[in-house]
Amino acid sequence: MCSAFPSRRRDRAALAGLALLLCGSGAQARELRVCADPNNLPFSNQAGEGFENRIAEIVARDLGATLTYTWWAQRRGFLRNTLNAGICDVVPGLPVGSELARPTAPVYRSAYAFVQRGDAAPITSLDDPRLKDLKIGVQMVGDDGYNTPPAHALSRRGIVANVRGYGLYGDYSQPHPPSRIVEAVAKGEVDVAIVWGPLAGYFAKRQEPPLQVTTVSPPFDGARLPLAFDIAFAVRRDEDGGAFAREIGGALRRHRAEIDAILADYAVPRLDGPQDPQPQNAQAKETTP
């Protein structure tokens, strides 16, 4: 037990402060402040059920930090209003190459994917001639119909009239609103949908019967339109000259096997690791954990 008994009144304040420093824990408990969407499965939700929630828990544990969240809908302006406003220090899922944040080492690499019913012959390429006649669902960003890469790629091929857009954000009053495009395939509203890989894999295997998911190949359309992305944690660009990003990257590397198992559990199609990105049929998906 520690105590301080100053002999002179003028020294009491200084000695009391020293006693607190020596007798306390020695440092404040570390906090990993994360900004995430509270309604965006399979990535994150407020119940902590997304794979980004689970990976953030691993990183916090590795760093000896308490994990805390600021919940913010992932819309336009998300980084400006959260990470870059200083209300958190980490965003757990951002494409490498963003000019608005500094990435860590990548967590995974995924691609857009074709989602079809289980009895359909798999489509693997945007040049498949069947796409000219099938009803195709694509994701659109925002109320102005801003096009995602697959929509641009189809437009370049003159495939427009048979394309139906589904809002990437959807009706936020409903659970996991981006899943509607996958449900549209299951209901027969469209014959095939081109969906960001993690969203496609997670919700396709939850349909009855499960849908098949095939990553788009090749991962670039032409020379300048990427259809595959490395996804990383992200910190502010001015954060410690990158030291914080390297520290988080180290935690991710140390727990690579555990993180790979989480991504497989959520059926994330991957181009970088243990999961085979080739076409998977409905029967195979029924046995996926």
Side-chain angles (χ1 to χ4, degrees), residues 34 36-37 40-44 50-56 58-59 74 79 90-115 122-126 138-139 141 148-153 168 178 181-182 193-205 212-235 242 245-246 248-280 284-285 288-289:
V34 172
D37 193 311
N40 193 29
L41 286 178
F43 308 99
S44 64
F51 68 79
E52 290 179 356
N53 297 121
R54 292 179 61 183
I55 296 172
I58 290 172
V59 172
Q74 199 160 332
L79 288 175
V90 180
V91 171
L94 197 71
V96 172
S98 170
E99 297 179 355
L100 298 176
R102 182 189 298 275
T104 66
V107 181
Y108 64 94
R109 180 173 177 80
S110 190
Y112 281 92
F114 295 104
V115 179
I123 295 174
T124 63
S125 168
L126 288 161
V138 296
Q139 294 173 290
V141 181
T148 54
H152 282 296
L168 179 62
I181 188 171
V182 178
I194 310 176
V195 185
W196 174 234
L199 184 70
Y202 181 78
F203 286 109
K205 79 171 187 176
Q212 61 174 311
V213 176
T214 312
T215 51
V216 176
S217 182
F220 275 82
D221 187 54
R224 308 187 71 172
L225 184 64
L227 296 163
F229 299 88
D230 291 308
I231 304 299
F233 276 46
V235 304
R246 290 191 294 273
I248 293 175
L252 295 170
R253 285 190 294 272
R254 285 188 289 274
H255 297 276
R256 185 73 266 172
E258 191 176 351
I259 291 169
D260 285 343
I262 290 171
L263 295 172
D265 187 43
Y266 283 74
V268 174
R270 296 181 59 187
L271 304 184
D272 65 330
Q275 182 172 321
D276 185 353
Q278 296 305 310
Q280 299 181 20
K285 284 193 136 340
T288 303

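The model shown is predicted, which means the values in this text are computed figures rather than measured ones.
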Taking [Y]'s backbone N and O only, do any of them form a donor-acceptor pair with [X]'s side chain (distance below 3.5 Å, no angle check)?
X	Y	value
Gln139	Trp196	yes
Ser44	Asp37	yes
Arg253	Ile248	no

Practice problem: List for me each residue that meets side-chain hydrogen bond (donor to acceptor under 3.5 Å, both in side chains) alongside Arg246, sequence neighbours excluded, and say none if there are none. | Solution: none
Rounded distance (nearest 0.5 Å) linking atom [atom1] of [X] with atom [atom2] of [Y]:
X	Y	atom1	atom2	answer
Leu227	Leu126	CG	CG	6.0 Å
Asp230	Arg109	CG	CZ	4.5 Å
Leu263	Asp272	CG	CG	8.0 Å
Ile123	Gln212	CD1	CD	9.0 Å
Leu41	Glu52	CG	CD	10.5 Å
Ile262	His255	CD1	NE2	10.5 Å

Quiz item: Got Pro42 and Phe203 here, is their nearest side-chain heavy-atom distance under 4.5 Å?
Solution: yes
Exercise. Would you check if Pro106 and Ile231 make a side-chain contact, meaning some heavy-atom pair closer than 4.5 Å?
Key: no
Quiz item: Who pairs with Phe233 by ring pair (Phe, Tyr, Trp, His ring centres under 6.0 Å), at least two apart in sequence or on another chain?
Solution: none
Exercise. Mind checking ring pair (Phe, Tyr, Trp, His ring centres under 6.0 Å) for Phe114 and listing every partner two or more places apart, or none if nothing turns up?
Key: none
Pairing residues for [X] by the side chain to side chain contact (heavy atoms under 4.5 Å, CB included) criterion, not counting sequence neighbours:
X	result
Ser125	Asp127
Ala232	Val96, Pro103, Thr104
Leu225	Pro149, His152, Ala153, Asp221

Identify the two heavy atoms, one from [X] and one from [Y], that lie closest to each other, and give their separation to 0.1 Å.
X	Y	value
Val138	Ala151	CG2-CB, 4.2 Å
Gly197	Ser110	CA-OG, 3.8 Å
Val59	Leu252	CG2-CD2, 3.7 Å
Thr214	Pro122	OG1-CB, 4.0 Å

Practice problem: Would you please classify the geometry between the Tyr266 ring and the Phe51 ring as parallel, tilted or perpendicular, with 30° and 60° separating the classes? | Solution: perpendicular
